[in-house]
Each structure stands twice: as structure tokens, then as C-alpha cells.
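See structure below.
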Amino acid sequence: MNLVTLAGVHKRFGERPLLENASLLINEGERIGLLGRNGSGKTTLLRMIAGLDTADSGQLTIWGNVRVRYLPQQPNLDPNLTVLETIFQTDTPQMALLRDYERVSLALHHQPADLELQRQLGELSAEMDRVGGWTAEANAKNTLTKLGITQFEAAVGTLSGGQERRVALAQALLNPGHLLILDEPTNHIDASTVQWLEEYLQGMSAALLMVTHDRYFLERVANKIVELDRKELIAYEGNYTRYLEQRTARQELLARHEQKRQVQLRRELAWLQRGAQARATKQKGHIQRVEALLEVQYDPADERVAMALASRRLGQKVLEAEGIRKSYGDLTLFANLDFRLEQGDRLGLVGPNGAGKSSFLDVLAGKSEADNGRVIWGPTVQLGYFDQHNEELEANAHRTVADYMGEIAPLIQTNDGERIETAQMLEWFLFSRPEQRTLIGSLSGGERRRLYLLRTLATRPNVLFLDEPTNDLDVETLAVLEQFLDAFAGALIVVSHDRYFLDRNVDFVLSFEEGGVLGTRYPTPYVPQSRPTTPPPVAKTATAPPSITPTAVATRKLTWKETRELEALEAQLPELEAQVEALAAVLNEAGGDYQRLGKATAALEAAQTALDAAMERWLVLSG
């Protein structure tokens, strides 16, 4: 059954177009992962489907009595309610009953002799027995516990930001409606909780639409991927691996279409350069076709240049920490802790939230002072620290992206000593030339994180600390970061709950438990002999054909045989073009049918080869 339909939807944010003629169907039983670059409009799309924003034009239809539940990245909960009261603040009859029961029970606790309250509690208890309310209460407490929330009577206003978000997640899971929308659900929860959440969502009857950077999560939960690409919504059936396979085929098809456009442009320009030899109306038709071909903008979304920045030499002595201790009031995060970082180490720190992993990095980096002990750095160390705060960006909110990065332009060079243009480096990190003139204050949260990461990497550190680098970064940006780390020869420490990122980029993990006990270094599941240049599973990149510059066409007199051949080609070319168009349509409709996809690809390549040969011969003869 169809739940939501988008048809021809357009949406702008100020002067920035986010959606253009976007269409999408969300059906019962689908678990959809929504991908797209930071700032492309993913959150805006979620808000539109949730009814919190409207389309500029087009149709967005929520069918029948379909109930949509939306969990944003920053939930708005009543700080005066307790955790359980918050969970019961939903519109289902069962939750309303639980809310009434908890309210009367609490009142009776304060007034135990009140006969009216005793009567009400008896009636509510009987109703709870009848509708299975006790099970619902147990489920609520179990879900909260699984998410690391055990103080059910605590006021929401006393919780940390991460805890508050997990309460909101529990509320959404317990009352998902017909369609549950989750924006970055794995942020701020540890690996074991993510695994539980995967299993929960797999067994949930409601449809699911989610934005997440966690590629393992997408692999195991999603059965459909929708990509917001070039302001359109492209749907791919299957999980993350199937998406990569199908997306590769689509990118190759787009590159072939661009190649065809370039060849057609050459043909039409050559025709025009022959002069007004044809009838005026025919000449006008060629001019119109050239203008149409020139209007087409080829945007190879996957064309990326790996960051090849010069590295700094790192000596044998890197970092030693001896007997360090850090406390906040009565809370001791770690004490008598010894740690050593050596040249070439690539370490991941894992452990529960609140164990002190970020504070540990702050002490090592000198951003926070240890209560006792000492931290000794080697003389050649240049530290790059990508923390979770982005404080420097906030102070530069009034500046443009280009101005902010231009400050460190003299530092930026390749291993060959060649200077790199600031604009080029920004393009590596997915900031187009127009976007580089944007004020930092107007960037989305994910775009700010991307810029802050680029600034950190561009200083050419030889020791790199990454604290939760995957939070709020899109998959494309993570791929660029991973390419950088493949070539990074320095020492690396990563704090992350993202299992894919750790498996992909570090060699050993250290368990950072409460009390700061660092145990044995355990090898990660993914320890390659030589690091690949792209993460597994890998998507091929589409390569744009070279642009065509018209050259002068030499003229000569054709033989009788060549004249007949030219006439035959001019009759044959439209037929070959139509054949390529038809086969391209078949390929585009093949979807996940890989047998049909393989046959259609082979047929299209053969037809395209024949068309290219015919066009090349036409160009020779038409001169």
C-alpha cells in the first residue's frame, strides 16, 4: 500500500534550489535510507513529509489516515516532564491510559488516604489488565534501558543532550505510526546500542525513512536507498551494497550520454562550419540543436580528486602520557593512566558514552589540563585535532568559505612541492565555486563540519585526532576523508561508534571503559595488507569525456563513391541515434534485474560504438 507520494515537487531555500521536479513513492514495509550531500536538502525533505514544511510547487500527498512520526536531530521535549511521562506523551489509547495511570498513581503516593484517587486507580488498573497496558509499560522501560536510560523518574531537563535524544528516540520507536522518519538515529549512541536498534527496526511493522551516515546500518536495515542527487530523488532497490552497484551503472550511463552529446555537438558544429550550403530552414534547425546541446550541464557527481597534500616528517618520538588523571567534581574519568603513541599507529578508541574518551583526547591535545601526570610530545609533531565543537567556525560565521580557507593557503602544497589553489582544495571537499562565496554562518550543520574537517587536514598534520568524525558528515565526505587517510603516513587516533569507519581506517582498537582503563590493543575486523584507495564495497567513478573544441574543417572534393557514402550516412545516423536512445531506456528500466542489465549494457555499448564510428566517418566526409 502506498503511504506517501511526491510528484514534481520543487523547493527552494532562499535563493538556493533544493528540489526540482522531484518524485518519490513511499510504500508499506519499505525501510528507506536517504542519502545526499550535506546541505542538499535531506532534512528539508524529511520536514516536508512530516508536515512541518511545504513544497513550493508540485504534489506531496499523505494518503488516507496514514500517521507519520518524525524524530529530528534536535528533538524538542518538555524539560519539566519525567522520562516516563515523556514516553507516554503520545496519542495512542494505550499510551493515554498509561499516562493516566502514572498520574493517578503519583497523586495517590502523595495522598494515600484519598478514596477518590483509590477508586480511580482501581478502575485504571482493571483497564490496564484488559488492554495489556502492563506489557506496554514494560516495553517502554525495556526500550529506555536498551538505549541507556535507566532513571525513569528523572526530569528531562536534567539530562544531557545525548540522553535527551535517546529518550526522544525511545518515544518514537514505541509509537512509530505508519511511517517513522529518523534523522541521524545512530548519532550519540554506542556500537552495542546501534546493533540493538538495527534488530528493532528490522522487526518493526511501520515503514521507515531515515537519514544516516552509518554504512553498516544502511547495509543491515535498509531495503531501499533514495539518493538526493542534482536536486532529484533517485530510488534504488536493495541495501547499501546493491545501491552502490546500481548507482555505478547509472553513473556510467550518464557518462555515455555525455559522450554522445559531445559527439553530436562536434557533428552539428562541423555542419555549421561548412557554411550555408543547405536550405535556410535546415541551417536554422542545426543552430537550434547546437544551442540545445550547449545548454546541457554535465555534473559528474562522483568525479573526485583524492587529497594529495604534502606530509610533514614525523620523528621516532611521538607521544607519551604518564599517570594522567582527570576529574570533574566527584566524577573521576580516568586516573593513573599511561599511554604511548608511536610512529605509524592507527588506533580507535571505543567505549560507552560518558566514559571519558573525548576528555582523554582534550588532555593529550592540551585543550584541557590534567589533574596530575604529564603529557610529553615529540619535537616534530604537528597535531591536527578534529573535535566535536567547531568553536572556531562560530567565531568566523561572518566570513565566506573562500576567505576562511584562504588564510592557510600558503601551507597547502602537494608532495611534489606544487602549490594548490584554495578553490581547488575546496572542490575536493565538495564545495563548488559558487558555494565558496557562501557565508559560513549560512551553512548547514553538516557543511560546517565538512569545512572544519578540511581546515584541520589542510594544515598538514602528522598526528591526527578525530573525535566522532562521522557525526553529521555525509557518505560522500566520508569517502574523501578515507581517501586522505589512505595516504596519511602519520599517527592517527579515532574516537567513533561507527563500526564501518573504524574497520576501514584503523588497525587496532582500545577499549576505554569507565575509569579510563585502556586494555590490550585488539586488531579491527578489517586489517588490509595494503590499504585500498576506495572503501569496500566500492563504487566506480564515472569519467567525463574531454570537452570538444571545434577546429577548422578542411574541404576537398568527394569522389562519386564518397558522395553516395555520405548520403547513406546522413540517412543512417538518425536510425542509429534512435537505436541508442531505445537501448538506453531499456537499461534505465532494468533496475535490479542484473541479467537484463547485463544484456542491455552489452547491446547499448555495441550500438554506441556503431554510432560513434558512423559519426566519425560522417565528419571526415562532410568536410
Side-chain angles (χ1 to χ4, degrees), residues 2-27 30-78 89-91 161 164-165 167-169 171-173 175-188 201 206-213 218 222 224-235 438 441-450 471-475:
N2 181 232
L3 305 177
V4 178
T5 299
L6 281 79
V9 169
H10 292 255
K11 181 66 178 179
R12 300 180 71 87
F13 183 76
E15 296 299 316
R16 185 178 187 179
L18 299 178
L19 296 173
E20 292 182 352
N21 199 33
S23 298
L24 176 66
L25 297 177
I26 301 178
N27 299 314
E30 289 183 330
R31 298 192 298 272
I32 300 173
L34 177 61
L35 299 181
R37 195 180 298 179
N38 287 133
S40 61
K42 299 188 300 295
T43 296
T44 299
L45 176 61
L46 298 187
R47 287 176 53 82
M48 289 167 58
I49 296 174
L52 301 177
D53 205 341
T54 58
D56 296 336
S57 61
Q59 296 293 323
L60 196 165
T61 307
I62 310 294
W63 294 104
N65 296 317
V66 169
R67 290 186 296 111
V68 178
R69 181 62 183 267
Y70 172 49
L71 177 64
Q73 290 193 47
Q74 302 297 330
N76 184 22
L77 302 181
D78 187 336
Q89 289 296 311
T90 59
D91 54 4
E164 185 174 341
R165 179 172 170 78
V167 171
L169 177 58
Q171 185 189 52
L173 294 176
N175 182 31
H178 299 98
L179 171 62
L180 176 60
I181 302 176
L182 302 177
D183 196 353
E184 296 289 4
T186 62
N187 280 3
H188 310 295
L201 293 176
L208 175 65
L209 174 62
M210 59 182 173
V211 170
T212 179
H213 61 267
L218 285 169
K224 183 177 181 179
I225 302 292
V226 173
E227 183 175 22
L228 180 47
D229 180 30
R230 299 173 179 86
K231 307 174 190 66
E232 296 182 355
L233 295 171
I234 314 298
T438 304
S442 66
L443 297 177
S444 71
E447 288 173 317
R448 293 190 191 192
R449 290 285 286 171
R450 190 200 312 159
N471 280 0
D472 303 317
L473 291 180
D474 56 69
V475 173

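All heavy atoms count here, side chains included; hydrogens, waters and symmetry mates do not.
- Note that the CG atom of Leu52 and the CD1 atom of Ile181 stand 8.5 Å from one another [nearest 0.5 Å].
- With hydrogens and angles disregarded, a donor-acceptor distance shorter than 3.5 Å links the side chain of Asn2 to the backbone of Val4.
- Between the side chain of Arg165 and the main chain of Pro72, a donor-acceptor pair closer than 3.5 Å is present.
- Counted by atom type alone, Thr43 and Asp183 present one or more donor-acceptor pairs between their side chains at under 3.5 Å.
- Residues Ile49 and Ile26 have side chains in contact (heavy-atom distance under 4.5 Å, counting atoms from C-beta outward).
- Side-chain contact check for Leu228 versus Arg37: every heavy-atom pair is 4.5 Å or farther apart.
- Between Leu201 and Arg31, the shortest heavy-atom distance links the atoms O-CD, 3.6 Å.
- Taking CG from Leu208 and NZ from Lys224, the interatomic distance works out to 12.5 Å, rounded to the nearest 0.5 Å.
- A distance of 6.5 Å separates OG1 of Thr44 from CG of Asp53, quoted to the nearest 0.5 Å.
- Taken from CG in Leu19 to CZ in Arg12, the straight-line distance is 11.5 Å, to the nearest 0.5 Å.
- To the nearest 0.5 Å, atom CG of residue Leu34 and atom CG of residue Leu233 are 7.0 Å apart.
- The salt bridge (charged side-chain N to carboxylate O under 4.0 Å, His left out) search around Arg449 returns none, not counting sequence neighbours.
- Under 4.0 Å is where a charged nitrogen must lie from a carboxylate oxygen, and between Asp474 and Lys42 no such pair does.
- Rounding to the nearest 0.5 Å gives a distance of 6.5 Å between CG of Leu3 and CG of Asn27.
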